[in-house]
Amino acid sequence: MTSETHQRPKVTVPELARMKALGEKIAMITAYDVTFARLVDLAGVDVILVGDSVGMVVQGEANTIPVALDDMVYHVRLVSRAKPRALIVGDLPFGSYQVSPQQAVESSIRLMKEGAECVKLEGGVVMAETIEALTRVDIPVVGHIGLTPQSFHRMGGHKVQGRSGGFEAGGRERLLEDAHAVEQAGACAVVVEGVPLDLAADITKKLSIPTIGIGAGPCCDGQVLVLHDVLGLSDLTLKFTKQYANLRDEAIEATAAFVREVRDGTWPDDAHSFH
Ligand code: KIV
């Protein structure tokens, strides 16, 4: 699988449109450092998202709101050192783009200088002007609608959106408007998070840009998950994630074996010692 992956050309922004046109599903996963960026790239993902979920899975925060732009700059730098075949998307954290389109451009330039090939921001209609400002200066943008984790306090937690009719925040009609606004503003793709699968299917059918789902059912043009959930490194079990391995238990067992051998004197043995 490794050599096959590397024979495939670098994933670029236009490639996402091509994949949607051909009906090829897009696999996106998060990574926050060079070690895991190399691993997921070898596994053949199309897009690496340096997500602000780093705040929860690496920094131990309860939500993504405390993540700073400097943190994202640092993690994009680490991931870009893997020189992946996958497209690198850098997440704009809360407070780094909401003030004005100019602030969004300045923050995005910092991520692009570190190796991001595209940025992601949360919000639909309200972010249209900002997305336009970014795309005007050739900064490709992935939108993010539905359950937008940076709206944690407005939503009252990480809650499924778009279940009811009407135009209230999070309503079904509002989400369709958000999806169209993001597309019309020039985004190259949109993450659709935490919405009923029929609504995600409807959005996917109506948009010409790819939808990347998380907790949005199987009909999106692609899927994204948080790496630590996929590998079983987090202790959370969420309905919309899938644990494909249990590295948490393996990591604990391996470290416990080291501790035992240190304590009973069997590590290091002669073979691992210098003479
Ligand atoms: O930060 C992140 O990991 C994300 C995904 C959940 C889409 O935004």
Working to the nearest 0.5 Å, report the span between OG1 of Thr35 and CZ of Arg81.
11.5 Å
Shortest non-hydrogen contact from Arg248 to Gly232?
CB-O, 2.8 Å
Nearest 0.5 Å, please: how far is OG1 in Thr266 from CZ in Phe258?
10.5 Å
Check the pair Asp178 / Arg174 against salt bridge (Lys or Arg N to Asp or Glu O under 4.0 Å), numbers first and verdict last.
CA-CA 6 Å; Asp178 282 340; Arg174 172 64 189 267; 3.5 Å; yes
Taking the side chain as C-beta and beyond, is there a heavy-atom pair between Val191 and Ile145 under 4.5 Å?
no
Transitive ILVMFWY side-chain link Leu175 to Phe152, under 4.5 Å
no
Would you say Lys25 has more than 12 foreign heavy atoms packed within less than 6.0 Å of its NZ?
yes
Would you say the side chain of Met19 lies within less than 4.5 Å of the side chain of Pro14, judging by non-hydrogen atoms?
no
Donor on one side chain, acceptor on other, Gln150 and Gln98, under 3.5 Å:
yes
Please, which pairs that meet ring-ring contact (aromatic ring centres under 6.0 Å, His included) have at least one residue in residues 220-250, sequence neighbours excluded?
Tyr32-His228
Does Val125 belong to the same Ile/Leu/Val/Met/Phe/Trp/Tyr cluster as Leu134, with side-chain heavy atoms less than 4.5 Å apart forming each link?
no
Check whether any side-chain N or O of Gln161 sits under 3.5 Å from a backbone N or O of Lys159 as a donor-acceptor pair, and report yes or no.
yes
Charged N-O contact under 4.0 Å between Glu15 and Arg18:
yes
Would you check if the side chain of Asp269 reaches a backbone N or O of His272 as a donor-acceptor pair within less than 3.5 Å?
yes
One should read off an interatomic distance between Leu111 CG and Leu69 CG, to the nearest 0.5 angstrom, of 5.5 Å
Given the options Val226, Asp41, Val40, Asp46, Ile29 meets side-chain contact (heavy atoms from CB on, under 4.5 Å) only with Val40
Does Val141 share a hydrophobic cluster with Val99, counting links as ILVMFWY side-chain heavy atoms below 4.5 Å and allowing steps through other members?
no
Acceptor/donor pairs from residues 89-96 side chains to any protein atom, 3.5 angstrom cut, sequence neighbours excluded:
unit_1: Asp91; atom_1: OD1; unit_2: Lys120; atom_2: NZ; d: 3.0
unit_1: Asp91; atom_1: OD2; unit_2: Asp52; atom_2: N; d: 2.8
unit_1: Asp91; atom_1: OD2; unit_2: Lys120; atom_2: NZ; d: 3.4
unit_1: Ser96; atom_1: OG; unit_2: Pro93; atom_2: O; d: 2.7

Begin from the C-alpha positions of Asp229 and Gln243 and carry the test side-chain hydrogen bond (donor to acceptor under 3.5 Å, both in side chains) through to its verdict.
CA-CA 6 Å; Asp229 297 336; Gln243 191 181 308; over 6 Å; no
Determine, step by step, whether Asp33 and Arg77 satisfy the salt bridge (Lys or Arg N to Asp or Glu O under 4.0 Å) criterion, reporting the C-alpha distance in whole Å, the side-chain angles of both residues, the deciding distance to 0.1 Å, and the verdict.
CA-CA 8 Å; Asp33 64 29; Arg77 184 184 306 146; over 6 Å; no
Let me check something: any side-chain donor-acceptor pairs from residues 205-218 under 3.5 Å, sequence neighbours excluded? List them with distances.
unit_1: Lys206; atom_1: NZ; unit_2: Asp202; atom_2: OD1; d: 3.2
unit_1: Lys206; atom_1: NZ; unit_2: Asp202; atom_2: OD2; d: 3.2
unit_1: Ser208; atom_1: OG; unit_2: Glu183; atom_2: OE2; d: 2.7
unit_1: Thr211; atom_1: OG1; unit_2: Thr204; atom_2: OG1; d: 2.7
unit_1: Thr211; atom_1: OG1; unit_2: Asp221; atom_2: N; d: 3.1
unit_1: Thr211; atom_1: OG1; unit_2: Asp221; atom_2: OD2; d: 3.4

Side-chain donor/acceptor of Arg85 to backbone N/O of Pro9, under 3.5 Å:
yes
For Pro140, does its backbone N or O pair with a side-chain atom of Thr135 as donor and acceptor, under 3.5 Å?
no
Step-by-step side-chain hydrogen bond (donor to acceptor under 3.5 Å, both in side chains) determination, His158 to Asn63
CA-CA 9 Å; His158 293 127; Asn63 56 57; over 6 Å; no
Over 12 non-hydrogen atoms of neighbours within 6.0 angstrom of CD in Glu261
yes
For residues Val11 and Val50: do they belong to one hydrophobic cluster (side chain heavy atoms under 4.5 Å, members Ile, Leu, Val, Met, Phe, Trp, Tyr)?
yes
Atom CG in Leu121, atom OG in Ser108: separation rounded to 0.5 Å?
7.0 Å
Under 3.5 Å: donor-acceptor pair, side chain of Glu117, backbone of Ile88
yes
Same cluster or not: are Met72 and Val34 linked, directly or through other Ile, Leu, Val, Met, Phe, Trp or Tyr residues, by side-chain heavy atoms under 4.5 angstrom apart?
no
Between Gln103 and Tyr97 (side chain of the first, backbone of the second, donor and acceptor by atom type, cut-off under 3.5 Å), is there such a pair?
yes
With Ile26 as partner, the option from Leu87, Leu16, Val45 fulfilling side-chain contact (heavy atoms from CB on, under 4.5 Å) is Leu16
